[in-house]
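Only one structure is covered here, and it is reproduced in the block below.
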Number of protein chains: 2
Amino acid sequence: MAVNRLKKLGLKLTPQRLAILNLLEGNKKHPSAEEIYSQLKPRFPSLSPATVYNTLEVLAKAGELQEVRIRGDKKHFDSNPAPHGHFLCRICQSIYDLDVEPLEMQTPFSVKGHLVEGYTLYFYGICPVCQEGSKTKLN
Amino acid sequence: MAVNRLKKLGLKLTPQRLAILNLLEGNKKHPSAEEIYSQLKPRFPSLSPATVYNTLEVLAKAGELQEVRIRGDKKHFDSNPAPHGHFLCRICQSIYDLDVEPLEMQTPFSVKGHLVEGYTLYFYGICPVCQEGSKTKLN
DNA sequence: CTCTCAACTTATAATAATTATAAATTCATA
DNA sequence: TATGAATTTATAATTATTATAAGTTGAGAG
């Protein structure tokens, strides 16, 4: 579990960090910092946004999670740090994991002299729910 | 040329728009809005940052260029609107076009119920110039 | 067990890219 | 060349995020 990994990295196990990790683990919704803050605030009344930002940065740098910058305005966070595709619905703005077969790559690799250490793959369009919704509307 | 396309779209051909288009056409450096503004300001003393932002948004929506959001802080712009890979060097922060063979896809397509209308592919690492630089340092 | 202190959290202010607003200007057609 | 909608401009507002500094705490040393 993440607790042991944090210890190995010399990071302190604070209640805030554990709460943020717990919120993200197994969470498919890729929340933003603000959403994480709002969801934890009731249980941690003293929680500050800065702590959420700090923690997310520390955990991302430690390789425990990844930043998802599929939207132009704010970052979202994924507890799965391995590179994989993400999908943003232009109707409901939901972010989904989306693996597209031939696109998985092992890093690092070199292309035309560029040393590629990581990559992101973002898809944009309409999610299954919203496609269904617009169908219903038309009937 | 772009002029005719803009006319077709019902967009006015202002000197500012033409200058921005010209700056971007055949420019491999993918400048940010601020860089575009700084470069044009001497020739257009009345130019306002808002105009640059407006124009870039209009042109992007018209499909004449694409936003490159490979960096977390600011947007960059590419006069080639077709989806293709981009690479950000973590040393010099330069952005390069980078096509990786098996990754080109025709849009739209569907994956697991998601209608994919567009996509972005961003690579992160060290560019050829900076790899050469660090080699030199070690010798 | 408790002392110690670097690491962490917090409140607050500062930053910086971008967006909104509204008045002045100008492109393009009649 | 007159007209009006589109555009540009200056300015203010927004908003996610980062910086700062003071107070708090986790966890190893003794």
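Naming: A, B, ... by sequence-line order, numbering from 1 per chain. Quick note: numbers below take in every heavy atom, side chains included, and nothing from hydrogens, waters or symmetry partners.
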Toward the 5' end of DNA chain D, by each residue's nearest nucleotide, A:Ala33 or B:Lys41: B:Lys41

Side chain A:Tyr37, main chain A:Ala50, donor-acceptor under 3.5 Å: no

Any A:Tyr53 side-chain nitrogen or oxygen under 4.0 Å from OP1 or OP2 of D:dT17: yes

Side-chain donor/acceptor of B:Tyr96 to backbone N/O of A:His114, under 3.5 Å: no

Basic-acidic side-chain contact under 4.0 Å: A:Glu117, B:Arg90: yes

Helical bend (five base pairs per end, nearest 10°) for the helix from C:dC1-D:dG30 to C:dA30-D:dT1: 40°

Per A:Arg17 side chain, nearest of listed nucleotides C:dT9, C:dA11, D:dT17: C:dT9

From C:dC8, D:dA10, D:dT7, nucleotide with atom closest to A:Thr14 side chain: C:dC8

Any B:Ser46 side-chain nitrogen or oxygen under 4.0 Å from OP1 or OP2 of D:dT9: yes

A:Ser32 vs D:dA16: side-chain N/O to OP1/OP2 distance below 4.0 Å: no

Sugar-phosphate only, base, or nothing, as touched by B:Pro45 at under 4.0 Å among non-hydrogen atoms: nothing

Aromatic ring pairing B:Phe123/A:Tyr119, orientation class (parallel under 30°, perpendicular over 60°, tilted between): tilted

B:Lys29 atom NZ: more than 12 heavy-atom contacts under 6.0 Å: no

B:Gln16 side chain near D:dT9 phosphate (N/O to OP1/OP2, under 4.0 Å): yes

Residue B:Thr51, side-chain heavy atoms: nucleotide from C:dT10, D:dT17, D:dT9 that is nearest: D:dT9

Among C:dA20, D:dG26, C:dT9, the nucleotide that comes nearest once only the side chain of B:Ala50 is considered: C:dA20

B:Thr51 side-chain N/O to B:Leu47 backbone N/O, donor-acceptor pair under 3.5 Å: no

Sugar-phosphate only, base, or nothing, as touched by B:Lys12 at under 4.0 Å among non-hydrogen atoms: base

